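As structure tokens, the structure follows; a few thoughts come after it.
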Protein chains: 2
Amino acid sequence: MKQPYYQDDHVTIYHGDTLDILPTLENCGALITDPPYSSGGQFRADRSQRVVDKYVQTQTKKGDAKHVREFEGDNRDQRSFLAWMMLWTNAARRACVTGAPFAVFTDWRQLPTMTDAVQAGGWVWRGIAVWEKPSARPMSGRFTNQAEYLVWGSDGPMEQWDNYPPGVFRCGTPRGEDRTHPTQKPDELMRWALQIVQPTEAPVLDPFMGSGSTLRAAKDLGLRAIGIEVDEQSCEDAAKRLAQEVLPL
Amino acid sequence: MKQPYYQDDHVTIYHGDTLDILPTLENCGALITDPPYSSGGQFRADRSQRVVDKYVQTQTKKGDAKHVREFEGDNRDQRSFLAWMMLWTNAARRACVTGAPFAVFTDWRQLPTMTDAVQAGGWVWRGIAVWEKPSARPMSGRFTNQAEYLVWGSDGPMEQWDNYPPGVFRCGTPRGEDRTHPTQKPDELMRWALQIVQPTEAPVLDPFMGSGSTLRAAKDLGLRAIGIEVDEQSCEDAAKRLAQEVLPL
DNA sequence: GCCGAGAATGAATCCATCC
DNA sequence: AGGATGGATTCATTCTCGG
């Protein structure tokens, strides 16, 4: 079993490829993650760009968006994207206990592929929840694509317990110094996503940790969590972020 | 050419099966509709999201037996639903001018099938817009499925013009006297959906008219519209509703 | 400290242009 | 012909800064 990159009372971080690490894990209580979308354009040329060129449109882009990091695994075509998604969703399910809930982020373009992939990976798909982003880029004559989606469900039967999270959640994206990862999710959003997880000892699993928003939110909610990340710099960023005190909510 | 069931300055209603009527139409300016979601009707929605036919799962973990049922079963109903959706989306596209926009309502269960169907029918899929219903029934331990979805795009290149409709729209469902059709959409919602249509002479096409909400909203916005409906009682209800005066907005 | 004006920003998209 | 590149564009929201 691989040594953790970072560990404390609540969270564990592994540095490495998700498909290598996942088979070594077991008894996780939930899968909550934000995988690469392999999206960002109608044409293959657009999708094959560097991540920063696709997704970071600040004026500082040419020159010094130094604090915004590149990330891997976002340049696949549709077929290989689906195949890869089936592999990791299946491996993640094996790392979880029966009945575990899952919630996976995706954008409109990959939503149908994502629902296929999680089901092919053995999960039961039970719905779609909506993240409404207040500041999206409008296009003339079209509906603004101002939402991202949370595909959710469970591994087999899903326990009912006393919690009723809303199906549509509205909040803005992190800005400026708060953002170290190009597609970083706000902590508030991750706490919402974690509402399908019952408070237990079994840790939440995030196989695409990035800058560690899922783990941070889990820790703040008093949950345990395990993160996997292939980029070492992101592991370091996340470890720093998690070493800080638990935030009062 | 079949005689209209109802006709006035702005709207025309045909009574009959959509697949019979659509080939007789041409030069429509847009497709805006709310097709049957296949819940409890002609097709089986409860089996709709099984993907075992597409992606075979080879390995199992202990305790997997109970999941197998989730993957078994018969995709014929889902296949026939998809085939039928491809037929009418294609026929509707042929009834429209090149560049025509489309917007089709669906629920979360049928969303992936719908995006497949419109693309197979020859339309360019450009996004998903969200209808947030404030009055959905919550489920314990789960996200509330409180949204329906508008799959939208165009037949080929889409003209840009001076309109920026929001991608998330919040409004309640009709109640009491206002509701004659079981899945009736609020007029306010249909006016939002029609914001993707440029004001022209070419009529909006609704191949599943139901109680006529699309036509009513189009007329109120000063647009022309054509509706098709197989149920005669619904045709009568819609005709009554459309014969009323144009509502001041 | 509060308020308002002006600037910056966003998992974007389109299209002309260049290889 | 078709892939790759780069510039222009849009508005709601948030941020910055000065009064």
Side-chain angles (χ1 to χ4, degrees), chain A residues 33-78 81 85 104-111 113-114 130-151 169-190 193 208-211 213-214 231 234, chain B residues 99 101 124-130 152-154 156-170 195-196:
Chain A
T33 194
D34 181 27
Y37 293 177
S38 260
S39 195
Q42 192 163 6
F43 306 102
R44 197 169 66 191
D46 288 325
R47 285 194 295 273
S48 62
Q49 289 173 32
R50 291 169 60 237
V51 168
V52 168
D53 292 335
K54 280 195 287 189
Y55 300 140
V56 181
Q57 294 99 29
T58 68
Q59 294 197 334
T60 55
K61 163 178 164 179
K62 306 181 192 74
D64 54 2
K66 281 178 200 148
H67 67 290
V68 178
R69 303 197 43 72
E70 283 281 337
F71 63 91
E72 289 186 30
D74 200 62
N75 298 332
R76 295 180 170 86
D77 68 24
Q78 280 294 284
F81 181 67
M85 298 252 288
V104 181
F105 280 96
T106 184
D107 69 351
W108 67 270
R109 217 182 280 277
Q110 298 297 1
L111 181 49
T113 304
M114 182 63 80
V130 177
W131 172 32
E132 181 186 353
K133 294 182 287 186
S135 65
R137 204 161 288 207
M139 288 286 297
S140 62
R142 296 124 196 262
F143 294 108
T144 308
N145 277 317
Q146 64 185 103
E148 289 184 31
Y149 302 91
L150 201 49
V151 172
F169 189 80
R170 182 184 154 101
C171 77
T173 49
R175 288 170 169 239
E177 292 301 316
D178 291 344
R179 189 171 87 149
T180 61
H181 200 267
T183 65
Q184 186 175 334
K185 297 283 183 288
D187 292 347
E188 189 188 0
L189 177 70
M190 298 315 300
F208 304 95
M209 182 187 66
S211 57
S213 297
T214 307
D231 176 57
S234 292
Chain B
V124 178
W125 174 39
R126 295 179 187 276
I128 298 173
V130 177
W152 65 271
S154 63
M158 190 175 185
E159 217 173 306
Q160 305 202 16
W161 59 292
D162 188 33
N163 196 32
Y164 298 85
V168 178
F169 190 79
R170 202 171 281 108
Q195 293 213 26
I196 205 177

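Within every chain, numbering begins at 1; the chains are lettered A, B, ... in the order of the sequence lines, protein sequences first and strands thereafter. Every value quoted in this text rests on a predicted model; they were computed, and no experiment measured them.
Comparing A/Ala136 and A/Gly172 by the nucleotide of DNA chain D whose heavy atom lies nearest to each, the residue mapping closer to the 5' end is A/Ala136. For the pair A/Ser135 and A/Arg142, nearest-nucleotide mapping onto DNA chain C gives the more 5' position to A/Ser135. Residue whose closest nucleotide on DNA chain D sits further toward the 5' end, between A/Ser140 and A/Pro134: A/Ser140.
Taking only distance into account, the side chain of A/Asp34 meets the base of C/dA11 through a donor-acceptor pair shorter than 3.5 Å.
A parallel orientation is assigned to the rings of A/Phe71 and A/Tyr55, their planes being inclined by less than 30° (bins at 30° and 60°).
If you check every strand for non-hydrogen atoms under 4.0 Å, B/Gln160 touches sugar and phosphate atoms only. Using a 4.0 Å heavy-atom cutoff across all strands shown, A/Thr183 reaches at least one base atom of the nucleic acid. The residue A/Pro174 sits apart from the nucleic acid: no heavy atom pair falls under 4.0 Å. At a threshold of 4.0 angstrom between heavy atoms, the contacts of B/Tyr164 are confined to the sugar-phosphate backbone, with no base atom among them. Nucleic acid contact for A/Pro138: base, since at least one base atom lies under 4.0 Å from a heavy atom of the residue.
Using modelled atom types, one side-chain atom of A/Arg142 and one backbone atom of B/Met158 make a donor-acceptor pair closer than 3.5 Å. A distance-only check finds no donor-acceptor pair linking the side chain of A/Asp187 to the backbone of A/Met190 [under 3.5 Å].
Rounding to whole angstrom units, CE of residue A/Met139 and C1' of C/dC14 are separated by 6 Å. The distance between atom CG of A/Asp77 and atom C1' of D/dG3, rounded to the nearest whole Å, is 15 Å. In this entry the distance linking CZ of A/Phe143 with C1' of C/dA12 reads 17 Å, nearest Å. Between A/Asn145 atom CG and D/dT10 atom P the separation is 18 Å, expressed in whole Å. Across the protein-nucleic acid pair, B/Ile128 atom CD1 and C/dA11 atom P stand 17 Å apart, rounded to whole Å. Look at CH2 on B/Trp161: it is 18 Å from C1' on C/dT13, rounded to the nearest Å. Across the protein-nucleic acid pair, A/Asp107 atom CG and C/dA12 atom P stand 9 Å apart, rounded to whole Å. For the pair A/Trp131 CH2 and D/dT13 P, the interatomic distance rounds to 15 Å; values are reported in whole Å.
If you check C/dA11 for Watson-Crick or wobble pairing at under 3.5 angstrom, you find it has no partner at all.
Phosphate contact (OP1/OP2 of D/dC15, side-chain N/O of A/Arg179, threshold under 4.0 Å): absent. At the phosphate of C/dC14, OP1 or OP2 sits under 4.0 Å from a side-chain N or O atom of B/Arg126. In terms of phosphate contacts, A/Arg137 brings no side-chain nitrogen or oxygen within less than 4.0 Å of OP1 or OP2 of C/dC14. Listed pair A/Lys133 / C/dA11 meets the phosphate criterion, a side-chain N or O lying under 4.0 Å from OP1 or OP2.
When distances are taken from the side chain of A/Arg170 to each of D/dT13, C/dA11, C/dT13, the shortest belongs to D/dT13.
Residues A/Thr33 and A/Phe105 have side chains not in contact (no heavy-atom distance under 4.5 Å, counting atoms from C-beta outward). Side-chain contact between A/Glu148 and A/Lys185: present, with at least one pair of heavy atoms (C-beta onward) separated by less than 4.5 Å.
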Intermediate values then yes/no, side-chain contact (heavy atoms from CB on, under 4.5 Å), A/Ser140 and B/Tyr164: CA-CA 6 Å; A/Ser140 62; B/Tyr164 298 85; 3.4 Å; yes

